[in-house]
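Here is how names work: the chains are called A, B, and so on, in the same order as the sequence lines, proteins then strands, and each is numbered from 1.
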Amino acid sequence: MNSTSPIHITHEPLDVGRVGELVQHPGAGAIATFVGTTRDHTGDRRVLRLEYEAYRPMADEQLQRVADEMLDQWDLTGVAIHHRLGRLEIGEASLVVAVSSAHRQAAFEACHFSIDRIKQIVPIWKKEFFVGGEVWVGSQEDFNPLGAHEVAAER
Amino acid sequence: MNSTSPIHITHEPLDVGRVGELVQHPGAGAIATFVGTTRDHTGDRRVLRLEYEAYRPMADEQLQRVADEMLDQWDLTGVAIHHRLGRLEIGEASLVVAVSSAHRQAAFEACHFSIDRIKQIVPIWKKEFFVGGEVWVGSQEDFNPLGAHEVAAER
Amino acid sequence: MLVTVVFLASYREIAGTATARIALAAGSTISELVAQVCAQFPGLPDSERIVAAVNNEYREPDYILDDGDEVALIPPVSGGS
Amino acid sequence: MLVTVVFLASYREIAGTATARIALAAGSTISELVAQVCAQFPGLPDSERIVAAVNNEYREPDYILDDGDEVALIPPVSGGS
């Protein structure tokens, strides 16, 4: 597994353009891309940096499961998901998802689904470092590893 | 207006990475990008190439209007929309939209909205060249220059 | 009064010209112009379906034209992808 | 029987260790293991709220454990952005 793999978890900086190239296809009419970046605030608190930690190889397997669910539910010509681990400075990309399809609706829906689904099932955690403190982020509401995933048609 | 402008219509090939860079912002947590590419088929017909034509400067003004509507409706940290004109070969990008925001939902919704809205109001036309024929594309159903735009909350 | 009609994309191919100068009675509306243009350039769609922009702004069919206006007839658009 | 419990992210910081070997009666379930772990490592959430993966697969609380299983206690995840 390296940066040319469609599913990739790495401590190296993510290459957004590269991830997009991985889903190019002559039958594609649309490429939807999502880049999650480290923002300088959460609510009112100023964020200094982040750290991401994964439970591997389960995180790799669950990320592949997200991609498989996307390919099952939509007619896609390509899916790539790269996730960064370790220490990230403000502005750096933690996640890049690229999805290609013949028609834009499928690419958009699948891309959006992937982000929500990653937050439901993929064992990766983010720690935010503030001035004077740090906190593990995680939402009991979103976390849904045992439930069925939502039906795509809702979007 | 050149490739560093957030709103840009050009005969030159589009630079996807560049458009994404135009929306980077320390307060951004998400960048949603859409790339429209020339696909090798429409329905069962094999497409050889495309041509895009614009009515300018109205197309530039309407593209700016799409961006303004996005910024009005969502809390965004950046919007860039680049549209290609002229002859495009299979696989080339005709449209790149990049949207950044603190939270992913806004970036996704605004990005998706922009594509639909471009197809409602921006005077740009696509001609598809097939083996043995050519056709101007355009949907009477989508075209909606005089109507109010849809409410964002539906998505 | 005289207005300049701009034919775009498929309409240009149907009309066989990119522009035409059309003479109209003062106070004419877009609807009246479009009906006249459709009679003069056969093959254009039903005149009620044609959307127009006057001086780069979309306008309703009952919009009253002025001398010298540039009236673009806008086929259904297909930008994006 | 013995299982290996893996503490991750916030749970690791609360437990003060990344792993623990826990002795259980044969036929014990995830629920029973988690209740025992919560008693042993104060500060973890309510045991009913803790989700577990056995040998890298999410499992329901009534899942019956085997000797040698690796049981990861998975805090609410926060990957992505």
Side-chain angles (χ1 to χ4, degrees), chain A residues 14-21 23-43 46-48 50 77-78 88-105 107-116 118-119 126 128 137 154-155, chain B residues 14-21 23-43 46-48 50 77-78 88-105 107-116 118-119 126 128 137 154-155:
Chain A
L14 302 181
D15 181 339
V16 177
R18 164 69 62 90
V19 182
E21 287 167 14
V23 303
Q24 286 182 347
H25 187 284
I31 302 173
T33 305
F34 175 85
V35 182
T37 55
T38 307
R39 59 170 187 268
D40 60 2
H41 67 280
T42 288
R46 184 152 160 262
V47 176
L48 301 175
L50 298 180
T77 51
L88 276 75
E89 307 301 329
I90 302 303
E92 287 197 281
S94 53
L95 172 69
V96 181
V97 178
V99 184
S100 67
S101 59
H103 302 283
R104 69 188 184 283
Q105 190 74 17
F108 263 120
E109 288 182 358
C111 188
H112 201 155
F113 166 86
S114 71
I115 319 299
D116 293 344
I118 286 167
K119 291 181 181 294
K126 170 169 71 173
E128 292 180 340
V137 180
E154 288 176 16
R155 290 223 181 66
Chain B
L14 301 181
D15 181 338
V16 177
R18 164 70 60 91
V19 182
E21 286 166 17
V23 302
Q24 287 183 347
H25 187 284
I31 302 172
T33 305
F34 176 86
V35 182
T37 55
T38 308
R39 60 170 188 270
D40 61 1
H41 68 280
T42 287
R46 187 154 157 260
V47 176
L48 301 175
L50 297 180
T77 52
L88 276 74
E89 308 300 329
I90 302 303
E92 287 196 282
S94 53
L95 172 69
V96 181
V97 178
V99 184
S100 67
S101 59
H103 301 283
R104 70 187 183 283
Q105 191 74 18
F108 263 120
E109 288 181 358
C111 188
H112 201 156
F113 166 86
S114 71
I115 320 299
D116 293 344
I118 286 166
K119 290 179 182 293
K126 170 168 71 174
E128 292 180 340
V137 180
E154 289 177 16
R155 289 222 181 69

A:H41 versus B:A102, closest heavy-atom pair with distance: NE2-CB, 4.2 Å
Approximate separation, where rounding is to 0.5 Å, of A:H112 NE2 and B:E109 CD: 7.0 Å
Reported CD1-to-OG1 distance for the pair A:I31 and B:T37, which is rounded to 0.5 angstrom: 5.0 Å
Taking atom NE2 of B:H103 and atom OG1 of A:T42, what is their separation to the nearest 0.5 Å? 7.5 Å
Taken to the nearest 0.5 Å, the spacing of A:D116 CG from B:R104 CZ works out to 5.0 Å
Measure the spacing between CD of B:Q105 and CD1 of A:I115 and express it to the nearest 0.5 Å. 11.0 Å
Heavy atoms only, distances under 4.5 angstrom: which of B:G29, B:G36, B:A28, B:A107 has the most pairs with chain A? Name it, please. B:G29
Heavy-atom pairs under 4.5 Å with chain A are the metric here; pick the option from B:A98, B:G17, B:G27 that has the most. B:G27
